[in-house]
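Heads up: the structure comes next, in structure tokens.
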Amino acid sequence: GENVEQHPSTLSVQEGDSAVIKCTYSDSASNYFPWYKQELGKRPQLIIDIRSNVGEKKDQRIAVTLNKTAKHFSLHITETQPEDSAVYFCAASIWTGNQFYFGTGTSLTVIP
Amino acid sequence: DTGVSQDPRHKITKRGQNVTFRCDPISEHNRLYWYRQTLGQGPEFLTYFQNEAQLEKSRLLSDRFSAERPKGSFSTLEIQRTEQGDSAMYLCASSSGRISTDTQYFGPGTRLTVL
């Protein structure tokens, strides 16, 4: 099955700086890649997703890029704020209605 | 709150006991998923339903685990003869089943502790 690797496992940035989290996947059939934010003790919340027919998607301070050839995708958060501190998970699936394969998570800390 | 709900939020049980969790998906969502999450890890897929039909089960789902969605609405996950290794957060998610907008929305989870 699919194997998703996520790096780094922890990331600390100064408020206002950018944060980048990278994921790789193994199954070339995967074509849907969501990112979830999970605050301590809370449910995972979808923050952005991308399908394989596009290479980049932006939503305000958040962007995701996808390189299907290299089988990796990245989450970019600009102008980070303390409320961005959370654990971020990437995931991959063959289609949106299928099971997700999650990465191991990145704990992001934004230092005020 | 019209999101996915789960009950109970926390469950403490002794090894060997049976436990049952409930998930209520977003209204009219056809697909319902169960995941398990342990500390420091991402959610791991257990099983999913399309309406009342259980379409896929992970190898993680041993014969002590059973899930149902009898009327295609809420779902239950039962663990029989619990073991300490079953301690985890059990997450439920639902999606519309329409390919173009089929995002999975997660519930708050049920945290199981097996003593």
Side-chain angles (χ1 to χ4, degrees), chain A residues 1-11 21-25 27 30-54 57 59 64 73 75 86-108, chain B residues 1-7 9-10 23-26 29-51 53-61 67 88-111:
Chain A
E2 175 68 277
N3 180 44
V4 177
E5 294 189 354
Q6 183 171 347
H7 300 281
S9 57
T10 60
L11 179 61
I21 302 170
K22 298 181 179 181
C23 288
T24 60
Y25 61 98
D27 192 339
S30 291
N31 61 9
Y32 176 65
F33 308 94
W35 285 89
Y36 284 82
K37 174 183 179 182
Q38 188 173 29
E39 297 176 61
L40 190 62
K42 296 190 176 181
R43 73 189 73 191
Q45 298 266 21
L46 178 75
I47 55 172
I48 196 167
D49 58 9
I50 191 167
R51 289 170 172 78
S52 60
N53 56 344
V54 297
K57 183 177 178 180
D59 183 3
V64 56
F73 56 111
L75 178 71
V87 178
Y88 290 81
F89 292 99
C90 63
S93 72
I94 293 176
W95 64 287
T96 60
N98 202 359
Q99 60 168 292
F100 288 172
Y101 295 89
F102 282 86
T104 50
T106 296
S107 178
L108 173 65
Chain B
D1 186 358
T2 57
V4 179
S5 61
Q6 292 186 243
D7 183 70
R9 295 291 305 277
H10 304 273
C23 170
D24 286 87
I26 293 172
H29 271 191
N30 294 328
R31 285 179 174 259
L32 187 148
Y33 308 79
W34 285 99
Y35 291 85
R36 180 172 67 187
Q37 186 177 24
T38 54
L39 195 64
Q41 298 296 317
E44 294 176 293
F45 170 79
L46 294 177
T47 188
Y48 88 89
F49 293 84
Q50 171 80 32
N51 298 315
Q54 189 172 17
L55 295 186
E56 191 169 347
K57 292 169 60 174
S58 165
R59 284 172 292 179
L60 293 174
L61 213 66
M89 175 74 83
Y90 289 83
L91 292 165
C92 175
S94 72
S95 67
S96 66
R98 297 190 297 271
I99 292 177
S100 62
T101 58
D102 207 14
T103 298
Q104 291 186 25
Y105 296 91
F106 282 84
T110 294
R111 181 168 295 284

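Every chain is numbered from 1 and lettered A, B, ... according to where its sequence line falls, protein lines coming before strand lines. Every heavy atom of this structure was used, including side-chain atoms; hydrogens, water molecules and symmetry mates were not. In this text, all values refer to a predicted model and were calculated from it rather than measured experimentally.
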When B:Gly109, B:Gly40, B:Gly107 are compared by non-hydrogen pairs under 4.5 Å with chain A, the top option: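 Heavy-atom pairs under 4.5 Å are most numerous for B:Gly107.
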Chain B heavy atoms under 4.5 Å from [X]: which part of the residue, side chain, backbone, both or neither?
X: A:Tyr36; answer: side chain
X: A:Pro34; answer: neither
X: A:Gln38; answer: side chain

What part of B:Gln37 gets within 4.5 angstrom of chain A, counting heavy atoms only: side chain, backbone, both, or neither?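 Side chain of B:Gln37 only, per the 4.5 Å heavy-atom cut-off to chain A.
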Heavy-atom proximity to chain A below 4.5 Å, by part of B:Arg9: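 Interface part for B:Arg9: side chain.
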Give a yes or no answer on whether the side chain of [X] reaches the backbone of [Y] with a donor-acceptor pair at less than 3.5 Å.
X: A:Gln6; Y: A:Gly105; value: yes
X: B:Asn30; Y: B:Ser96; value: yes
X: A:Ser107; Y: A:Val87; value: no
X: B:Arg31; Y: B:Ser95; value: no

Taking only residues two or more places apart in sequence, or in another chain, which ones meet B:Glu56 in a side chain to side chain donor-acceptor pair (under 3.5 Å)?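 B:Glu56 satisfies side chain to side chain donor-acceptor pair (under 3.5 Å) with A:Gln99 only.
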